[in-house]
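Scroll down for the structure; my scribbles are underneath it.
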Amino acid sequence: MVEGEPPLKHNPDCDVTDERVLNGRGAKDLELGTIGTKELTKVHPDVVKSSDKADFEQAIELTRYGKFHYILLAICGFVSTSEEMDVVSMSFILPSAQCDLKLNTHTKGWLNSIIFIGMMAGAYTWGSVADSLGRKKVLIASSFMNAICIVASSFSQSYALFMLFRFLNGAALGGSGPVIWSYFAEFQPKSKRGSMLSFMAAFWTLGNLFVAGLAWLIIGGQIKGFETSDFVYNSWRIFLLICAVPSFIVAALLCFLPESPKFLLSQGRSEEAIAIFRYIYHINTGNHADDYPVKHLIYEEEELTIEEKAKIAKRGKYTNMIFDILDNSKQLFVSPILRYTVISITINFTFHIGYYGLMMWFPELFNRFDEFSVSHPGVSASVCQVTDYVINTGSQQHDTICSSNISESVFRESLITVAAALPSNIVAVLLMDRLGRKFFLVFSTVSSGLCSASMYFVYNRTHNMIVSATFSSVISCGNAALDCLITEIFPTNLRATGIAISMVAARLGGIIGNIVIATLLDMYCPAPTFIVAGLLIGGGLLCLFLPNTTREPLS
């Protein structure tokens, strides 16, 4: 058991046998950095059939791999797609909304950041509740809340009101982000988990592609809305409204999926867990659910004392939930889990300064290069020279007539940049379980760091697009590897909370990345690219101090 781990609730009527050898993980194992590396006792499927007993990993293997898992991938992947669409949509709104909302570079930076501030506020709360009440309920509630907030923000007529709904939008996304990874991972056998988590990470790229395509079609096409003296509903608002549709859809689809059996087992609800295994077995094989060979689940359980049982019974359901949340949070900052918590927080912080700090600004940079090339045809210029022109001479100088028109080339270059991540996602899906999480994370952070530094040396829009596309491609591998690694290093009863706290650090990185880049880009242009490069490379190398989780059972 993990040091400081709360005793599980014991159900005297449950079909759980206390067989500690099969699935035990001691505090000493964690301190040695071997979480998830200790081999389970090998039990041949025929032996399991005769004894009707299995631990979680054997039970999920015996459901086979088939139709249910692919349906689960499609729905969970769609959750990730809708989340990425909501986050990245702002990067396409900024150039076209600058007149409506009276934006400058500083306020654009805060608009990019406000959703991450909301995600920080929501991630810990939703993640903690998911470790107490369950994954599925949190995912449905947060997806529906997210959709409502996006619709409300599209109708907002002022900068302040728009900021408010983007904050609430982020608070809702804070639930779906960390929880969906825990939920999806807890249905995967260890032999498939890395490739399937990488597959789900590829849906982020699809979200980027959908957003870029929709923005090109709706904002670039200048679709007419309607306008009065007091109310405007133009193309970028219509674009935002359409981006809310996937969140409504996933909220409905999630209702048809079961709760995580790993979570149920961690709560002592073994009968419900076995019922879900039977259902998965039936969907995957077409056989009757009663043919599923496992009748009893084996897991490590600690018997509660009479005093502890009385104390739990005396407290109400929601009081117990609050106690669980506080206790889970405390355990993440107690040895031996503390080391993994600190490293995961640091990696997520540095990685997302680069990921969101640059990715969110690519459309804006493309727009600035386009403006410079129109005024200076055939003239080469660096990012810093282009920025200096736009701020001091071009469209963003004071007292300039505002224009929200965006060239078609900006959308085309943005689409090429996000599409460049697709080949990398395919490579990650095929090789994540062979080469390992650490290989991809180190390769990605070092490569993307070098791309970030090289942006200072580009001197035309073509070079800028090539470097941006390469950055997008290599960092997407690291995103998939990081999601896999952080999902796997925390034990089940702390997984959603641990991922949520890591996501808080990631969102803080997104906030700082956007504000720093917005400030330094105009004040001292060379700084952002080299700062991001150093943080990406340094943070990525920290993963070498985490345990190997490739093809290992979930702890």
Side-chain angles (χ1 to χ4, degrees), residues 33-37 39 57 60-61 64-66 69-70 72-74 76-77 80-81 84 180-182 184-209 343-344 347-348 350-352 354-355 359 417-451 469-490 499 502 506 536-537 539-555:
T34 58
I35 226 176
T37 61
E39 285 294 324
E57 290 292 342
I60 197 68
E61 287 280 0
R64 313 290 175 83
Y65 209 89
H69 291 92
Y70 298 122
L72 180 75
L73 172 65
C76 292
S80 290
T81 297
E84 186 69 356
I180 194 62
W181 289 95
S182 298
F184 183 72
E186 289 169 358
F187 282 97
Q188 307 302 316
K190 61 183 179 181
S191 60
K192 295 274 190 178
R193 193 167 58 244
S195 60
M196 296 309 287
L197 285 171
S198 300
F199 209 147
M200 198 173 84
F203 281 84
W204 282 55
T205 301
L206 291 181
N208 287 330
L209 286 170
I343 293 175
S344 68
I347 295 175
N348 270 279
T350 56
F351 185 89
H352 287 87
Y355 183 77
M359 290 290 287
T417 298
V418 297
L422 279 176
S424 300
N425 288 136
I426 294 171
V427 170
V429 169
L430 296 176
L431 300 178
M432 186 65 72
D433 281 325
R434 295 184 182 182
L435 299 180
R437 287 60 159 148
K438 293 182 181 181
F439 170 83
F440 277 102
L441 189 54
V442 171
F443 167 77
S444 167
T445 50
V446 172
S447 301
S448 58
L450 293 175
C451 285
T470 305
F471 178 89
S472 172
S473 177
V474 294
I475 204 168
S476 66
C477 286
N479 193 38
L482 182 60
D483 287 333
C484 290
L485 191 59
I486 300 304
T487 299
E488 293 169 339
I489 61 172
F490 294 107
I499 296 173
S502 300
L536 280 171
I537 295 172
L541 293 175
L542 282 176
C543 76
L544 298 175
F545 295 96
L546 290 175
N548 176 39
T549 60
T550 303
R551 291 182 177 269
E552 295 294 338
L554 284 176
S555 58

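Start at 1 with the first residue, then count along the sequence.
Qualifying side chain to side chain contact (heavy atoms under 4.5 Å, CB included) partners for Ala506, counting only residues two or more places apart in sequence or in other chains: Asn348, His352. Residues satisfying the side chain to side chain contact (heavy atoms under 4.5 Å, CB included) criterion with Thr445, sequence neighbours excluded, are Phe351, Leu441. Every residue two or more places apart in sequence or in another chain that forms a side chain to side chain contact (heavy atoms under 4.5 Å, CB included) with Phe439 is listed here: Leu435.
Looking only at side-chain heavy atoms (C-beta outward), Glu488 and Arg437 come within less than 4.5 Å of each other. Between Thr487 and Phe184 the shortest side-chain heavy-atom distance does not fall below 4.5 Å. Under the 4.5 Å side-chain criterion, counting only non-hydrogen atoms from C-beta, Phe490 is in contact with Ser344. Using a 4.5 Å heavy-atom cutoff, the side chains of Leu536 and Ile475 are in contact.
Atom CG of residue Asn208 and atom OG of residue Ser476 lie 9.5 Å apart, to the nearest 0.5 angstrom. Tyr65 OH to Ser191 OG: the interatomic distance, rounded to the nearest 0.5 Å, is 8.5 Å. Of the inter-residue distances, the one linking Leu541 atom CG with Thr350 atom OG1 reads 9.5 Å to the nearest 0.5 angstrom. To the nearest 0.5 Å, atom OG of residue Ser182 and atom CD1 of residue Ile486 are 11.5 Å apart. Annotation: the span from Ser472 atom OG to Tyr355 atom OH amounts to 7.0 Å, rounded to 0.5 Å. Atom CD1 of Ile489 is separated from atom SG of Cys484 by 12.0 Å, given to the nearest 0.5 angstrom.
Here the shortest heavy-atom pairing between Ala185 and Leu197 reads CB-CD2, 4.2 Å. In terms of heavy atoms, Ser80 sits closest to Ile180 at OG-CG2, 4.3 Å. Minimum heavy-atom separation, Ser424 to Cys477: CB-SG, 3.5 Å.
Put simply, the side chain of Ser473 never gets that close to the backbone of Ala469: no donor and acceptor are under 3.5 Å apart. With hydrogens and angles disregarded, a donor-acceptor distance shorter than 3.5 Å links the side chain of Thr81 to the backbone of Phe203.
By the 6.0 Å contact criterion, CZ on Phe443 is open, its count of non-hydrogen atoms from other residues, nucleotides or ligands being 12 or less.
Under the 30°/60° scheme for interplanar angles, the aromatic rings of Trp204 and Trp181 are found to be tilted.
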The test is side chain to side chain contact (heavy atoms under 4.5 Å, CB included); show your working for Leu450 and Val474 and say whether it passes. CA-CA 11 Å; Leu450 293 175; Val474 294; over 6 Å; no
Run the side chain to side chain contact (heavy atoms under 4.5 Å, CB included) test on Ile60 and Gln188 for me, step by step, so that the C-alpha distance in whole Å, both residues' side-chain angles and the decisive distance to 0.1 Å come before the verdict. CA-CA 7 Å; Ile60 197 68; Gln188 307 302 316; over 6 Å; no
Verdict with reasoning, Val442 to Leu544, per side chain to side chain contact (heavy atoms under 4.5 Å, CB included): CA-CA 8 Å; Val442 171; Leu544 298 175; 4.1 Å; yes
